[in-house]
J.: 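Okay, here's the structure, questions in a sec.
The first residue in the sequence is number 1, and the count goes up from there.
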Amino acid sequence: MKTASCRYTLLVLPSLLDETFPLEPEEAAEQEKPACTTTDAPALCTEDFHEPVLNEKSNIVHLEEIQKLVPHFPLRVIGHSWNLIYCTARDGFSLKTMYRSMTDLVSPILLVIRDTDGQIFGAFSSTAIHVSSCFYGNGEMFLFSFTPQLKVFKWTGKNTFFVKGDADSLAIGGGSGKFGLWLDGDLNHGGSHPCETFNNEPLSPREEFLIHDLEIWALA
């Protein structure tokens, strides 16, 4: 199992973003939705919040963060159990292992990261993350960050660069050569830049960060 190094190195962004890539046929773009950058929960009121059942304790998010984040999920997902299918503390630091943990998974997932500066951020995906030669996903995807208040960055409708991954890196959100969130194949380094897909702020105080913990939760 790897442990995160505290030495920062100069990183070169991966070349995942190729605007000639098509969207996977079964993931056609939804009707355009406005961007959402908010610290406020949507229609679901705090009084209506039902704490989800987690099959294991998270090393990253606690009830306070969960209570703020859950109302931003699609209504069909709210109330589902959270199943920890991958975490670096248990399974080691490997993007390939992370992909394998989602083999045959059909439920939405939540990717949560804590970097070595203690910043918590991540992404919601309506589908499992897998290796693909083109971008896939839909307008339900969003990025989020606790800064420390929750900020949610929803789909702008400007492009369909939702998510794309290979053995060496994973990118979520893109446009003009920038990724909303990207991770390297060792799940050691990552980066976050403003991107057209989500019109997000950098999710971490450092645009290039070191990963301390990463978790994938299946919401089913």
J.: In chain order, what residues pass the side chain to side chain donor-acceptor pair (under 3.5 Å) check against Ser101, with sequence neighbours excluded?
T.: none

J.: I'd like to check the side chain to side chain donor-acceptor pair (under 3.5 Å) partners of Ser107; sequence neighbours left out, ordered by chain and number.
T.: none

J.: Just how far is it from atom CE of Met141 to atom CD1 of Ile172, taken to the nearest 0.5 Å?
T.: 5.0 Å

J.: Do Met98 and Leu170 come close enough that some side-chain heavy atom pair is under 4.5 Å?
T.: yes

J.: Decide yes or no for Pro202 and Pro194: does some side-chain heavy atom of the first lie under 4.5 Å from some side-chain heavy atom of the second?
T.: yes

J.: Hey, does the side chain of Ser176 reach the backbone of Lys178 with a donor-acceptor pair shorter than 3.5 angstrom?
T.: no

J.: Does the pair Leu110 and Leu69 meet the rule for a side-chain contact (heavy atoms from CB on, under 4.5 Å), with working shown?
T.: CA-CA 10 Å; Leu110 185 71; Leu69 188 59; 3.9 Å; yes

J.: Measure across Leu143 and Ala123 and return the closest heavy-atom pair with its distance rounded to 0.1 Å.
T.: CD2-CB, 3.7 Å

J.: Walk me through it: do Asn200 and Ser192 pass the test side-chain contact (heavy atoms from CB on, under 4.5 Å)?
T.: CA-CA 9 Å; Asn200 59 288; Ser192 177; 4.1 Å; yes

J.: What is the distance from atom SG of Cys134 to atom CZ of Phe161, rounded to the nearest 0.5 Å?
T.: 11.5 Å

J.: Provide the closest heavy-atom pair for Ile85 versus Ala218 in the form atom of the first, atom of the second, distance.
T.: CG2-CB, 4.0 Å

J.: Measure the shortest side-chain to side-chain distance between Tyr86 and Ile129 over non-hydrogen atoms and say whether it is less than 4.5 angstrom.
T.: no

J.: Considering only heavy atoms from C-beta outward, does the side chain of Trp82 approach that of Val70 to under 4.5 Å?
T.: yes

J.: Using modelled atom types and a 3.5 Å cut-off, is there a donor and acceptor pairing between side-chain atoms of Asp186 and backbone atoms of Asn188?
T.: no

J.: For Asp115, give me all partners under side chain to side chain contact (heavy atoms under 4.5 Å, CB included), at least two apart in sequence or on another chain.
T.: Asp117, Gln119, Phe121, Ser204, Pro205, Phe209

J.: Indicate if Phe144 and Leu75 have the same hydrophobic cluster label, given that clusters are the connected sets of ILVMFWY residues with side-chain heavy-atom separations under 4.5 angstrom.
T.: yes

J.: Which residues pass the side chain to side chain contact (heavy atoms under 4.5 Å, CB included) test with Asn55, sequence neighbours left out?
T.: Asn83, Leu84, Trp217

J.: Which one of Tyr136, Phe135, Trp155 satisfies the ring pair (Phe, Tyr, Trp, His ring centres under 6.0 Å) criterion with Phe162?
T.: Trp155

J.: I need the Glu215 CD to Leu111 CG distance, nearest 0.5 Å.
T.: 9.5 Å

J.: Give, for atom CD1 of Ile120 and atom NE2 of His212, the distance between the pair rounded to the nearest 0.5 Å.
T.: 11.5 Å

J.: Could you grab the distance from atom CZ of Arg114 to atom OG1 of Thr88, nearest 0.5 Å is fine?
T.: 9.0 Å

J.: So, Phe124 versus Phe73, ring centres under 6.0 angstrom or not?
T.: yes

J.: Report the residues that fulfil salt bridge (charged side-chain N to carboxylate O under 4.0 Å, His left out) with Glu64, sequence neighbours left out, ordered by chain and then residue number.
T.: Lys68

J.: Could you tell me the separation between the CD1 atom of Ile109 and the CD1 atom of Ile216, rounded to the nearest 0.5 Å?
T.: 4.5 Å

J.: Does Ile113 reach the side chain of Leu183, with side-chain heavy atoms less than 4.5 Å apart?
T.: yes

J.: For the residue pair Glu201 / Ser145, report whether a side-chain donor-acceptor contact shorter than 3.5 Å exists.
T.: no

J.: Determine whether a donor-acceptor pair (N or O, by modelled atom type, separation under 3.5 Å) exists between the side chain of Asp213 and the backbone of Ala89.
T.: no

J.: Please tell me whether Arg100 and Thr103 have a donor and an acceptor in their side chains that are separated by less than 3.5 angstrom.
T.: no

J.: Between Ser126 and Asn138, do the side chains contain an N or O donor and an N or O acceptor separated by less than 3.5 Å?
T.: yes

J.: Check whether Thr156 reaches the backbone of Thr197 with its side chain - one donor and one acceptor, N or O, closer than 3.5 Å.
T.: yes

J.: Listing request: all salt bridge (charged side-chain N to carboxylate O under 4.0 Å, His left out) pairs with a residue in residues 70-82, at least two apart in sequence or in separate chains.
T.: Arg76-Glu140

